[in-house]
Asks: 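This is the structure I have questions about; it appears just below.
Counting convention: from 1, in listed order, for ligands and their atoms alike. We're numbering straight along the sequence, starting at 1. Here the structure is a predicted model, which is why all the values come from computation and not from measurement.
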Amino acid sequence: MAFEGLTERLQNAIGKLRKKGKISEADVREVMREIRLALLEADVNFQVVKDFVKTVRTRAIGAEVLESLTPAQQIVKIVNDELTKVMGEEAVELNKSDKIPTIIMMVGLQGAGKTTTLGKLALKLKSEKNARPLMIAGDIYRPAAIDQLQILGKSIDIPVFALGTDISPVEIVRQGLALAAEKKNDYVLIDTAGRLQIDELLMDELAQIKELAQPNEILLTVDAMTGQNAVEVAKGFNEQLDVTGVVLTKLDGDTRGGAALSIRAVTGKPIKFIGQGEKMTDLDVFYPDRMSSRILG
Ligand code: GDP
């Protein structure tokens with residue numbers, strides 16, 4: 001289960017406070033040391049932990065908190081507030097174009113869940129907004145990617161534009177967009193190639209697709225299970241492509257939570273959705289306050 005270790009350690013730290021009637025400044029410092037360790041162990045980015053602990057400590061040591069009748073409860077509230085803030089406070093909606101189609105370009109490393117998420121998002125748009133999306137199969141390097149998208153498309157009854165693998169992705173996208181214009185699709189979702197690591201060739205190609213398609217949304221898919229690495233990947237993609245949002249996948253697994261807590265603070269970009277399973281319906285809007293409650297348990 002996601003966040004298990006983090007939740008347990010936070011609850012332990014806070015549990016000790018609850019047992020005390022009156023709380024001193026030293027107690028706050030002690031609990032903050034434990035929270036700091038818990039966050040670092042959960043793979044939260046070092047700088048994020050440092051800033052977080054400092055803010056919570058300063059607020060918690062404030063006279064009103066320690067002298068209140070329920071100091072432990074107030075400290076839990078502060079931790080909850082600040083966790084929510086670190087993750088961006090509010091849910092951020094998908095960008096939408098004034099005129100059709102809204103173009104969404106999906107990027108990410110191989111295996112992160114990009115193609116799956118593309119299908120999930122197309123289905124969500126169809127079922128919640130009555131949209132008529134077109135998916136474009138632009139990953140010509142992983143041989144099975146196009147088949148995978150076509151099978152997915154059939155299962156959710158959403159059309160896929162594909163031209164095989166002997167043609168450049170930019171050309172596929174150009175023709176796909178022309179078809180979408182003709183068919184008046186209101187959303188176009190472009191699947192792109194992933195790699196095992198960020199490399200220049202990949203980034204060049206993605207930049208060319210971006211230039212041509214002028215997407216309203218560049219969604220980066222990152223795998224929550226990869227912890228600190230997920231944050232590094234997000235930083236790298238964002239520097240090269242100026243992404244507009246992040247989808248954090250595999251939050252149903254036993255991720256320690258670091259990526260969920262660090263990505264917004266490190267990249268400045270919102271997590272817009274979370275993937276919580278392999279089924280096409282396992283995609284949810286990311287609500288920082290709900291995530292914070294889930295982490296606190
Ligand atoms: P891509 O290479 O980035 O396009 O990755 P895929 O979409 O092919 O996904 C890689 C694997 O991750 C597949 O087995 C997916 O079913 C799985 N996957 C994707 N998203 C999630 C998720 O949110 N939870 C779980 N448990 N598995 C996921």
Side-chain angles (χ1 to χ4, degrees), residues 1-4 94 104-125 133 135-156 158 160-162 165 169 172-173 176 188-199 201-203 205-206 209 215 217-227 229-234 236-238 240-241 243 245-261 263 271-287 290-291 294-295:
M1 237 197 35
F3 310 126
E4 210 165 9
L94 211 51
I104 301 171
M105 177 174 166
M106 301 290 299
V107 300
L109 293 185
Q110 198 167 308
K114 182 170 36 66
T115 304
T116 308
T117 304
L118 185 99
K120 287 177 176 178
L121 185 57
L123 177 62
K124 200 174 187 60
L125 290 166
M135 304 193 283
I136 298 180
D139 180 357
I140 62 166
Y141 304 105
R142 187 163 64 93
I146 296 179
D147 292 346
Q148 184 189 347
L149 191 62
Q150 281 172 323
I151 292 167
L152 252 175
K154 277 214 182 78
S155 78
I156 55 179
I158 291 176
V160 172
F161 179 79
T165 55
I172 296 173
V173 171
V188 174
L189 295 93
I190 304 171
D191 195 18
T192 62
R195 293 271 206 285
L196 294 177
Q197 286 162 344
I198 293 181
D199 67 49
L201 264 170
L202 171 68
M203 287 301 169
E205 183 178 297
L206 295 176
I209 295 174
E217 186 83 65
I218 302 180
L219 275 185
L220 170 67
T221 308
V222 291
D223 178 345
M225 305 280 285
T226 60
N229 194 45
V231 181
E232 284 308 308
V233 167
F237 269 91
N238 190 42
Q240 303 275 339
L241 291 171
V243 307
V246 177
V247 182
L248 198 56
T249 62
K250 310 188 192 179
L251 268 181
D252 49 313
D254 60 352
T255 162
R256 289 185 282 180
L261 278 164
I263 279 177
I271 297 175
K272 294 195 171 181
F273 297 97
I274 49 178
Q276 311 206 73
E278 297 194 72
K279 290 201 305 290
M280 279 295 103
T281 47
D282 293 332
L283 184 74
D284 297 294
V285 172
F286 178 73
Y287 293 99
R290 289 185 201 170
M291 187 56 72
R294 180 166 151 189
I295 289 170

Asks: Has ligand 1 got any nitrogen or oxygen that is less than 3.5 angstrom from a nitrogen or oxygen of Q110?
Replies: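 By distance alone, the answer is no.
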Asks: Just let me know how T115 lines up against ligand 1, side chain, backbone, both or neither, with a heavy-atom cut-off below 4.0 Å.
Replies: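 For T115, the contact with ligand 1 is made by both the backbone and the side chain.
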Asks: Check each of G113, G277, A193 against atom 19 (C) of ligand 1 and report the one with the nearest heavy atom.
Replies: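 Going through G113, G277, A193 one by one, G113 has the nearest heavy atom to atom 19 (C) of ligand 1.
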Asks: Might you work through the side chain to side chain contact (heavy atoms under 4.5 Å, CB included) test for T117 and F273, ending with a clear yes or no?
Replies: CA-CA 9 Å; T117 304; F273 297 97; over 6 Å; no
Asks: Any side-chain heavy-atom pair from I218 and V107 closer than 4.5 angstrom?
Replies: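 A side-chain contact exists here, since the closest heavy-atom pair is under 4.5 Å.
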Asks: Give me the nearest non-hydrogen protein atom to atom 16 (O) of ligand 1 as residue plus atom name, then the distance to 0.1 Å.
Replies: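 Answer for atom 16 (O) of ligand 1: E278 OE1, 2.6 Å.
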Asks: Considering non-hydrogen atoms only, spot the tightest contact between L206 and M105 and give its length.
Replies: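 Smallest interatomic distance, heavy atoms only, reads O-CE, 3.3 Å.
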Asks: What is the closest protein heavy atom to atom 7 (O) of ligand 1, and at what distance does it sit?
Replies: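 Ranking protein heavy atoms by distance from atom 7 (O) of ligand 1, first comes T116 OG1, 2.5 Å.
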Asks: Taking the side chain as C-beta and beyond, is there a heavy-atom pair between T115 and R142 under 4.5 Å?
Replies: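 They are in side-chain contact.
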Asks: So, the side chain of T192 versus the backbone of G138: is there a donor-acceptor pair under 3.5 Å, distance only?
Replies: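 The answer is no, because no donor-acceptor pair under 3.5 Å joins these two groups.
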Asks: Quick check: do Q110 and L202 have side-chain heavy atoms less than 4.5 Å from each other?
Replies: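 Q110 vs L202: side chains apart.
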Asks: Run the numbers for me: atoms of ligand 1, each under 4.0 Å from some heavy atom of Q276, listed by number.
Replies: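 Within the 4.0 Å cut-off of Q276, ligand 1 contributes 23 (O).
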Asks: I need the nearest protein heavy-atom contact for atom 3 (O) of ligand 1: residue, atom name and distance, please.
Replies: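 Atom 3 (O) of ligand 1 sits closest to the protein heavy atom K114 N, 2.7 Å.
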Asks: Which one holds for Q148 and ligand 1: side chain close, backbone close, both close, or neither close, with close meaning a heavy atom under 4.0 Å?
Replies: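 Side chain only.
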Asks: Does some side-chain heavy atom of L283 sit less than 4.5 Å from a side-chain heavy atom of V247?
Replies: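 Yes, close enough: below the 4.5 Å cut-off.
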Asks: If hydrogens are left out, which of M106, K250, M225 has an atom nearest to atom 11 (C) of ligand 1, that is, the closest non-hydrogen atom?
Replies: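 Ranked by closest heavy atom to atom 11 (C) of ligand 1, first place is K250.
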Asks: Measuring only between side-chain heavy atoms, which start at C-beta, is L94 closer than 4.5 Å to L219?
Replies: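 L94 reaches L219 side chain to side chain.
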Asks: Does ligand 1 have any atom sitting under 4.0 Å from a heavy atom of A112?
Replies: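 Contact check A112 vs ligand 1: positive.
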Asks: How does K120 reach ligand 1, if at all, at less than 4.0 Å between non-hydrogen atoms: by side chain, backbone, both, or neither?
Replies: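 For K120, the contact with ligand 1 is made by the side chain alone.
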Asks: When you measure from the heavy atoms of G253 to every atom of ligand 1, does any distance fall below 4.0 Å?
Replies: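 G253 does not count as a contact of ligand 1 under the 4.0 Å cut-off.
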Asks: Using a 4.0 Å cut-off to any heavy atom of G275, which atoms of ligand 1 qualify?
Replies: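 Taking each heavy atom of G275 in turn, ligand 1 has 23 (O) under 4.0 Å.
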Asks: Looking at Y141, does the NZ or CZ of R195 lie under 6.0 angstrom from its six-membered ring centre and within 45 degrees of the ring axis?
Replies: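 Judged by the rule, R195 and Y141 form a cation-pi pair.
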Asks: Any non-hydrogen atom of D252 lying under 4.0 Å from ligand 1?
Replies: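 D252 counts as a contact of ligand 1 under the 4.0 Å cut-off.
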Asks: Pick one of side chain, backbone, both or neither for how L109 approaches ligand 1, counting any non-hydrogen atom pair under 4.0 Å.
Replies: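 Only the backbone of L109 comes within reach of ligand 1.
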Asks: Regarding K114 and D191, does a basic nitrogen lie under 4.0 Å from an acidic carboxylate oxygen?
Replies: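 Yes, K114 and D191 are salt-bridged.
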Asks: From atom 2 (O) of ligand 1, work out which of G108, G194, G111 has a heavy atom at the shortest distance.
Replies: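 Answer by nearest heavy atom: G111.
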